[in-house]
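These notes are about the structure you will find just below.
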Amino acid sequence: MPVDVGPRAGPHPVPVTLTINGMRHDLTIEPRVTLLDALREYANLPGTKKGCDQGTCGACTVLVNGRRIDSCLTLAIMHTGARITTIEGLADGDRLHPMQAAFLEHDGFQCGYCTPGQILSAVALLAEKRPLDDASIREFMSGNICRCGAYKNIVDAVAAAGKQNV
Ligand code: FES
Ligand code: FES
């Protein structure tokens with residue numbers, strides 16, 4: 001016969017304030033909520049994609065203080081006070097970010113599921129001043145998997161954006 005242990009102890013929702021794409025978001029979430037789930041499920045920003053949810057595909061890549069991270073591997077509560085950038089924050093109104101424009105111009109996607117993560121990773125790659133030959137781009141984008149195999153065009157897009165000094 002099951003024993004009644006009373007109300008379960010465990011995490012309870014707490015107030016967490018995040019700054020995403022320059023806007024303040026006051027959320028009430030459990031401390032165990034990942035940054036990825038906070039973005040998609042609580043901040044109404046579904047552009048960041050969930051692929052593996054275990055740090056192997058890069059679909060959930062966002063920038064935190066300009067640094068690319070897998071948002072599925074970190075808790076939202078750890079990033080209060082940080083500057084979080086998602087794909088929704090790259091364009092300037094109707095004007096695409098040059099990396100977004102380069103992906104369009106070079107057909108750097110097929111289904112598009114990996115694309116937000118690819119683009120944010122590519123923006124960081126340029127900020128990190130990585131070399132822009134094919135092999136280096138492939139190496140420094142290797143955390144971002146594309147199931148459609150659009151790698152050749154992704155590399156072309158990153159190289160083209162890099163030449164524009166974006
Ligand atoms: S969903 Fe985060 S790395 Fe795959
Ligand atoms: S474009 Fe489909 S997974 Fe990359």
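These numbers come from a predicted model, not from an experiment. As the structure lists them, so they are numbered: ligands from 1, and atoms in each ligand from 1. When reading the values below, keep in mind they use all heavy atoms of this one structure, side chains included, and skip hydrogens, waters and symmetry mates.
A side-chain donor-acceptor contact under 3.5 Å links Arg68 and Ser121.
Taking the charged nitrogens against the carboxylate oxygens, Glu139 and Arg130 have no contact shorter than 4.0 Å, which rules out a salt bridge. Salt bridge annotation for Lys50-Asp37: present, with a cationic side-chain nitrogen under 4.0 angstrom from a carboxylate oxygen.
Numbered from 1 in the order shown, with element, the atoms of ligand 1 that lie under 4.0 Å from a heavy atom of Thr56 read 3 (S). Listed by atom number, the atoms of ligand 1 under 4.0 Å from Cys60 heavy atoms are 1 (S), 2 (Fe), 3 (S). Heavy-atom proximity to Gly55, at under 4.0 Å, picks out these atoms of ligand 1: 3 (S). Near Cys52, meaning under 4.0 Å from any of its heavy atoms, are these atoms of ligand 1: 1 (S), 3 (S), 4 (Fe). Of all the atoms in ligand 1, the ones that sit under 4.0 Å from a non-hydrogen atom of Asp53 are 1 (S), 4 (Fe).
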Could you give the side-chain donor-acceptor pairs of residues 99-112 under 3.5 Å, partners two or more places apart or in another chain?
unit_1, atom_1, unit_2, atom_2, d
Gln100, OE1, His97, N, 2.9
Gln110, NE2, Cys148, O, 3.4

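Distance check for Cys72 against atom 4 (Fe) of ligand 1: none of its N/O/S atoms falls below 2.8 Å.
Within 4.0 Å of ligand 2, protein heavy atoms come from Phe109, Gln110, Cys111, Gly112, Cys114, Cys146, Arg147, Cys148.
Contact check for Asp53 versus Cys72: side-chain heavy atoms found under the 4.5 Å cut-off. Contact check for Arg83 versus Thr19: no side-chain heavy atoms found under the 4.5 Å cut-off.
Screening Ile84, Leu120, Leu36 for a side chain to side chain contact (heavy atoms under 4.5 Å, CB included) with Thr48, the sole residue that qualifies is Leu36.
In this structure, Asn144 contributes its side chain and Gly58 its backbone to a donor-acceptor pair below 3.5 Å. Looking only at distances, no side-chain donor or acceptor of Asp26 sits under 3.5 Å from a matching main-chain atom of Thr17.
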